Amino acid sequence: MEALPPLRLLTTFETVLRTGGVQNAAAELNVTQPAVSQALKALEDHIGATLLDRRRRPAELTEAGRVLSRAVAEGMGQMRDAVSQIRLLQRAEGNRVTIACTVCTGTYWLMPRLAEFYDLHPDVSVHVETTPVTPHFAPDTDLVIRYGPGDWPDGVGDLLFPERLVPVCSPDAYDRFGRGDFAQATLLHVEVEDADWPGWNDYFGHTGLAPAHKADRVVGGYVQATQAAIAGIGVMLGWVSNASDLLAQGRLIVFRDAPLYPNAGFHILRPKTGRRKRAAGLLYDFLLKSARQAAEAGSPQ
């Protein structure tokens with residue numbers, strides 16, 4: 001296989017052709033005219049053919065020069081297109097944020113706030129990755145919203161909001177179950193893999209309320225439990241941060257105003273190592289500000 005000429009020689013040749021002469025090429029390349037002439041001679045020596053007929057003024061391409069000029073023009077054009085595409089991809093990647101959270105947090109807390117974020121930053125694309133369990137950093141994850149004490153080995157960040165849990169149900173179920181009387185209530189139990197997430201046993205143990213109730217229903221996740229509560233099937237132990245919008249809308253109401261305050265809260269985290277994107281910083285600051293403004297206004301989240 002024939003060795004290709006050095007790229008700098010091909011670049012010089014293409015510049016001479018595109019700008020119309022050695023003088024113009026030298027100005028664009030910021031070199032002397034003799035340097036351009038020497039590069040052209042070196043290219044001819046490498047190929048073993050004369051590319052320019054210097055007997056004419058101005059010099060004209062030889063047949064070999066025309067063959068090479070077509071190939072170089074096409075190749076340089078493709079490389080310019082490739083570089084442009086790469087830069088567009090880099091800009092798009094730089095404006096893309098991947099944030100991980102639980103399904104419930106993504107559905108009921110994060111997604112309703114993204115509309116305002118997009119109004120402020122229309123060039124940023126947010127990719128939300130949800131999981132039924134505690135989210136962790138993947139190689140392409142920029143941010144994580146995680147419930148816990150706030151001390152993790154893989155991330156650093158800030159408290160979004162402390163949490164409290166309170167029994168909630170639909171207005172119809174509230175009347176049907178005796179207006180806060182657990183003895184008549186059907187409780188919705190959520191199956192979770194994380195033992196640190198509190199449930200009804202923790203609630204009754206913390207509040208001292210009698211755990212006697214009419215029936216139990218087991219559901220596979222907090223989103224399903226929330227929908228079951230909205231449908232009037234039972235009383236859910238609601239995370240106020242996630243249920244607050246539904247409470248404000250009246251789709252859910254507090255069944256018994258006796259909260260459980262766990263020793264943990266929801267945090268927004270960055271990875272401890274790795275490059276930090278500008279777009280990720282914008283989303284981080286926006287969510288933190290949104291949560292703090294809600295707290296100052298007396299909102300549960």
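Fair warning: this is a prediction, and the values are worked out from it, not measured in the lab.
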### Task
Look at the aromatic rings of Trp200 and Tyr203 and report parallel, tilted or perpendicular, splitting at 30° and 60°.
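Ring orientation, 0 to 90° scale: perpendicular.
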For this output row, return yes or no: ring centroids of [X] and [Y] closer than 6.0 angstrom.
{"X": "Phe255", "Y": "Phe182", "result": "yes"}
{"X": "Trp152", "Y": "Phe137", "result": "no"}
{"X": "Tyr147", "Y": "Trp239", "result": "yes"}

Is there a donor-acceptor pair closer than 3.5 Å between any side-chain N or O of [X] and the backbone N or O of [Y]?
{"X": "Thr62", "Y": "Thr50", "result": "yes"}
{"X": "Arg251", "Y": "Leu246", "result": "no"}
{"X": "Arg113", "Y": "Ser290", "result": "no"}
{"X": "Ser69", "Y": "Arg66", "result": "yes"}

### Task
Would you indicate whether Asp119, at its atom CG, is surrounded by more than 12 heavy atoms from other residues, nucleotides or ligands within a distance under 6.0 Å?
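Count over threshold, so yes.
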### Query
When you look at NZ of Lys214, are more than 12 heavy atoms from neighbouring residues, nucleotides or ligands closer to it than 6.0 Å?
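12 or below, so no.
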Taking C-beta and beyond as the side chain, do [X] and [Y] meet within less than 4.5 Å on heavy atoms?
{"X": "Thr32", "Y": "Val36", "answer": "no"}
{"X": "Tyr261", "Y": "Val166", "answer": "no"}
{"X": "Leu114", "Y": "Leu283", "answer": "yes"}
{"X": "Leu260", "Y": "Arg164", "answer": "no"}
{"X": "Val218", "Y": "Glu191", "answer": "yes"}

### Query
Any ion pair linking Asp285 and Lys289 (charged N to carboxylate O, less than 4.0 Å)?
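The answer is no: the pair does not qualify as a salt bridge.
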### Message
Whether Arg270 and Asp154 form a salt bridge (side-chain N of Lys/Arg under 4.0 Å from carboxylate O of Asp/Glu) is what I want to check.
### Response
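Looking at Asp154 and Arg270, the cut-off is not met.
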### Query
After noting the C-alpha distance and the side-chain angles of Asp140 and Arg96, does the key distance pass the salt bridge (Lys or Arg N to Asp or Glu O under 4.0 Å) rule?
CA-CA 10 Å; Asp140 61 343; Arg96 174 186 168 95; 5.7 Å; no
